[in-house]
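Both ligands and their constituent atoms are indexed starting at 1 by order of listing. What you see is a predicted model, and the numbers here were worked out from it, not measured in a lab.
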Amino acid sequence: MSNSNSTWMPAASRKHCMTNPAGKSTDSKDSIILRTPTASDGAALWQLVKATGELEPNTAYCYLLLATDFADTCLVAEAAGQIVGAVIGYRPPREPDAAFVWQVGVLPDYRGLGLGLRMLTAWRDLPANRNCRWVTATVADDNPASQSLFQRLAHSAGVECTVNPHFTADLFPVAHPAEPLHRIGPFSL
Ligand SMILES: CC(C)(COP(=O)(O)OP(=O)(O)OC[C@H]1O[C@@H](n2cnc3c(N)ncnc32)[C@H](O)[C@@H]1OP(=O)(O)O)[C@@H](O)C(=O)NCCC(=O)NCCS
C-alpha cells in the first residue's frame, strides 16, 4: 500500500523529506515529516502519549525501548521540530504475517486533518511492515475516534475490518473497558 501524501524516511535522512497535508496552506505547522524514531525521540513519545489525554501512558523507559529496539515498526510525525503524532507498533512473534498497532496518537491541534490515517498508511508501508497481510490493534469500546480510524484504514485499502473479543474487561486488574481486536486485511503483498 502506498500513499502519495505520506513519505517515511529513516531518521538519518529526515532533513531531506518534507510532506504537506493535501489542500492545506504551507507553513511550519503543516510541514509534517513522517519518519522512524531514534533514542532521542523516546522522551517526546512519552510526552505525546500523555498529551493525547486518551492513551494509557507507559514508563519513559518503555518508550526508549520502543524508539530503539522497535524503531523499525514505529513512526513519528514531526512538525517544526515537535513530535505531533506517532504510531507505536511491533510484529507479533506468534503471528508473523501481522503488524500490531499498540498505540496511535495525534496531538489535539492536529486532529481531524487526516494525519492519523496518513500515519497508519505510511506505517503499514515501512520496510519492516511491508510483508504483513494484516494490521491488528485493540481498540477500547469507548473510543469512537480510534474505531473510525481503523475502519477508515480498511476502507481506504479496500479490505475488511473485523472486530472480535480479545482483552475482555475481566482480564484487567483495575476498571478498564474491554479491548476487542480489530483485524484489518488481507493486504495484498
Ligand atoms: C484516534 C486519533 C489518532 C485519530 O487521529 P486524526 O488525525 O484525528 O484522524 P484522521 O483525521 O486521520 O481521521 C481518520 C478517520 O477517523 C474519523 N475520526 C477522527 N476523529 C474522530 C472522532 N473523534 N469521532 C469519530 N470519527 C473520528 C475521521 O472522520 C476519519 O474518517 P473519514 O475520513 O471517513 O472522515 C486521534 O483522535 C487521537 O490521537 N486520539 C487520542 C488517542 C487515541 O485514542 N488513540 C487510539 C487508541 S490506540
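For the pair Val104/Leu149, a side-chain contact is recorded, criterion being any heavy-atom separation below 4.5 Å from C-beta on. Between Val101 and Thr136, the closest side-chain pair of non-hydrogen atoms is not below 4.5 Å. Looking at Leu34 and Arg118, their side chains come closer than 4.5 Å, going by heavy atoms from C-beta outward.
For atom 35 (O) of ligand 1, the nearest protein heavy atom is 4.0 Å or more away. For atom 13 (O) of ligand 1, the nearest protein heavy atom is 4.0 Å or more away. By the definition of a contact as any protein heavy atom under 4.0 Å away, atom 23 (N) of ligand 1 is in contact.
Lys50 has no carboxylate O lying under 4.0 Å from a charged side-chain N of Glu56, or vice versa, which leaves the two without a salt bridge. In this structure, Asp41 pairs ionically with Arg35, as a charged nitrogen and a carboxylate oxygen lie closer than 4.0 Å.
Ring geometry for Phe100 versus Tyr90: interplanar angle of 30 to 60°, hence tilted. Ring-plane geometry between Phe150 and His182 is classed as tilted, the angle between the planes lying from 30 to 60 degrees on a 0 to 90 degree scale.
A cation-pi contact, defined as under 6.0 Å to the ring centre and within 45° of the axis, links Arg124 to Phe187.
When only modelled atom types and interatomic distance are considered, Gln103 and Tyr63 share a side-chain donor-acceptor pair under 3.5 Å.
One option in Ala145, Ala77, Ser146 has a heavy atom closer to atom 21 (C) of ligand 1 than any other, and that option is Ala145. Comparing heavy-atom distances from atom 4 (C) of ligand 1 across Asp142, Leu153, Leu149, Val84 singles out Leu149 as nearest. Comparing Pro108, Gly116, Gly112, Ala140 against atom 8 (O) of ligand 1, the shortest heavy-atom distance belongs to Gly112.
Separation of atoms NE2 (His155) and OG (Ser148) is listed at 12.5 Å; rounding is to 0.5 Å.
Contact annotation: for Arg111 versus ligand 1, heavy atoms closer than 4.0 Å belong to both the backbone and the side chain. Only the backbone of Leu113 comes within 4.0 Å of ligand 1, judged by heavy-atom distances.
Counting atoms of ligand 1 from 1 in the listed order, those under 4.0 Å from a heavy atom of Leu55 are 42 (C), 43 (C), 45 (N), 47 (C), 48 (S). Close contacts of ligand 1 with Asn143, meaning ligand atoms under 4.0 Å from a residue heavy atom, involve 43 (C), 44 (O), 46 (C), 47 (C). Within ligand 1, the atoms closer than 4.0 Å to a non-hydrogen atom of Glu54 are 41 (C), 42 (C), 44 (O), numbered from 1 in the order shown. Atoms of ligand 1 lying under 4.0 Å from at least one heavy atom of Leu117, given by number and element, are 12 (O). Listed by number with element, the atoms of ligand 1 under 4.0 angstrom from any heavy atom of Gly105 are 39 (O).
Formation of a donor-acceptor pair under 3.5 Å by the Trp46 side chain with backbone atoms of Thr59 is not found in this model.
By the neighbour-count criterion of 12 heavy atoms within 6.0 Å, atom CD of Glu160 is sparsely surrounded, having that number or fewer from other residues, nucleotides or ligands.
Closest to atom 26 (N) of ligand 1, if we only count protein heavy atoms, is Ser148 OG, 3.1 Å. In terms of protein heavy-atom proximity, atom 30 (C) of ligand 1 is closest to Arg152 CG, 4.4 Å. What sits closest to atom 39 (O) of ligand 1 on the protein, heavy atoms only, is Val106 N, 2.8 Å.
Of the polar atoms of Gly114, at least one N or O is found under 3.5 Å from an N or O of ligand 1, judged by distance alone. Taking any N or O of Thr52, backbone or side chain, none lies under 3.5 Å from an N or O belonging to ligand 1. Between Val104 and ligand 1, at least one pair of N/O atoms sits closer than 3.5 Å.
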